[in-house]
Amino acid sequence: MVHRDTEMTQTAPFPAQKPAPLPQSFYLRPTLDVAVDLLGKQLVRIESNGDLTTGIIHEVEAYIGEDDLGCHARSGRTLRNEAMWGPPGHAYVYFTYGMHWLLNAVTEAEGFPAAVLLRSVIPRNGIDRIRTRRKPQPDHLLTNGPAKICQAFAIDEAHNHASLYHPAGALTIRPGLAVDPAWIQTSARIGLNTVPEPWKSIAWRFFIPPQHLKN
DNA sequence: AGCACGATTAACT
DNA sequence: GTTAATCGTGCTC
């Protein structure tokens, strides 16, 4: 299989030069720890034809258990949300607003529903492909939203339950940039408009302002 | 069976 | 700042 890339600076073939995916054990930890540690990591999409698209994760949110009234698990296990009860390190991809897909990484032990929503990445490889999939706009607006990521990386229901740690997987998360803890900011989670307190305001959103990641 | 709404986005005033 | 788009899901009747 030939791996192609649009970056002029890319010389060695993928994945030889790329680090191995984060192991499943990375995700088998408290969700808040996983969320913080996902900042600076690389989201890596390899399509069946070898096309490579990657980006640096810099904004995430944690959703933790049935007691978290902002989490889809609040209404119990259903066909839609069952991936959150599954093994850690797999994808939970769901459809919302009648048109958008959103990507989460499942965390904690199998049987406990929790996940980290990927809200924003900075494109690294495959920017031309991202520009094609997204509507024309400035680069900094191409992947700065959870549904934008899925559109830019061609992620949909086919990836629900998929492993994020299998080296040959279509969708993996791999080591990326070193992160200075001082860069990390927190806030309430976005879009939980009708969720009761304290869940609406709890600071389970973690992000790094993009200027820190200009490497 | 019907209905309100969503872990959003883009376009609009 | 506001709002349409667009439909699967979960809740009510």
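In this text, all values refer to a predicted model and were calculated from it rather than measured experimentally. Only this structure's heavy atoms are used, side chains among them; waters, hydrogens and symmetry mates stay out. Chain A is the first sequence line, chain B the second, and so forth, proteins listed ahead of strands; every chain is numbered from 1.
Among the heavy atoms of the strands lying under 4.0 Å from A:R134 are primed sugar atoms or P, OP1, OP2 only; no base atom is included. At a threshold of 4.0 angstrom between heavy atoms, the contacts of A:N193 with the nucleic acid are absent. Among the protein residues, A:L117 comes within range of the nucleic acid bases, having at least one heavy atom under 4.0 Å from a base atom.
Following rounding to the nearest Å, A:Y97 (OH) and C:dG10 (P) show an atom-to-atom distance of 16 Å. C:dA4 atom P lies 15 Å from atom NE2 of A:H100, rounded to whole Å. Straight-line distance from the CG atom of A:L79 to the P atom of C:dG8: 13 Å, rounded to whole Å. Distance OH (A:Y94) to P (C:dG10): 13 Å, rounded to an integer number of Å.
Taking CG of A:N81 as the reference point, atom OG of A:S75 lies at 6.0 Å (rounded to 0.5 Å). Atoms CD1 and CG, on A:I57 and A:L118 in that order, are 5.0 Å from each other to the nearest 0.5 Å.
Under a 4.0 Å N-O distance rule, the pair A:D139/A:R134 does not qualify as a salt bridge. Salt bridge present: A:D37 and A:R29 bring a charged side-chain N and a carboxylate O closer than 4.0 Å. Under the 4.0 Å criterion applied to side-chain N and carboxylate O atoms, A:R189 and A:E59 are not assigned as salt-bridge partners.
Here B:dA7 sits opposite no nucleotide as a Watson-Crick or G-U wobble pair (both hydrogen-bonding atom distances under 3.5 Å). Nucleotide C:dT6 forms a pair with no other nucleotide shown, judged by Watson-Crick or G-U wobble geometry with both contacts under 3.5 Å.
Spacing between B:dA7 and C:dG1 at atom C1', rounded to whole Å, works out to 23 Å. Nucleotides C:dA4 and B:dA4, compared at atom P, are 15 Å apart to the nearest Å.
Taking the centre of each ring, A:H90 and A:Y165 come in below the 6.0 Å mark. In this structure, the ring of A:H72 has its center less than 6.0 angstrom from the ring center of A:Y94.
Contacts between chain A and DNA chain B, taken as any atom within less than 4.0 angstrom of a protein heavy atom, begin and end at B:dG6 to B:dA10.
Picking from C:dC7, C:dG10, C:dA5 the nucleotide with the shortest atom distance to the side chain of A:M99 gives C:dA5.
The phosphate of C:dT9 (OP1 or OP2) has no side-chain N or O of A:S75 nearer than 4.0 angstrom.
Projected onto DNA chain B by closest heavy-atom contact, A:L141 and A:G98 fall at different nucleotides, the more 5' of which corresponds to A:G98.
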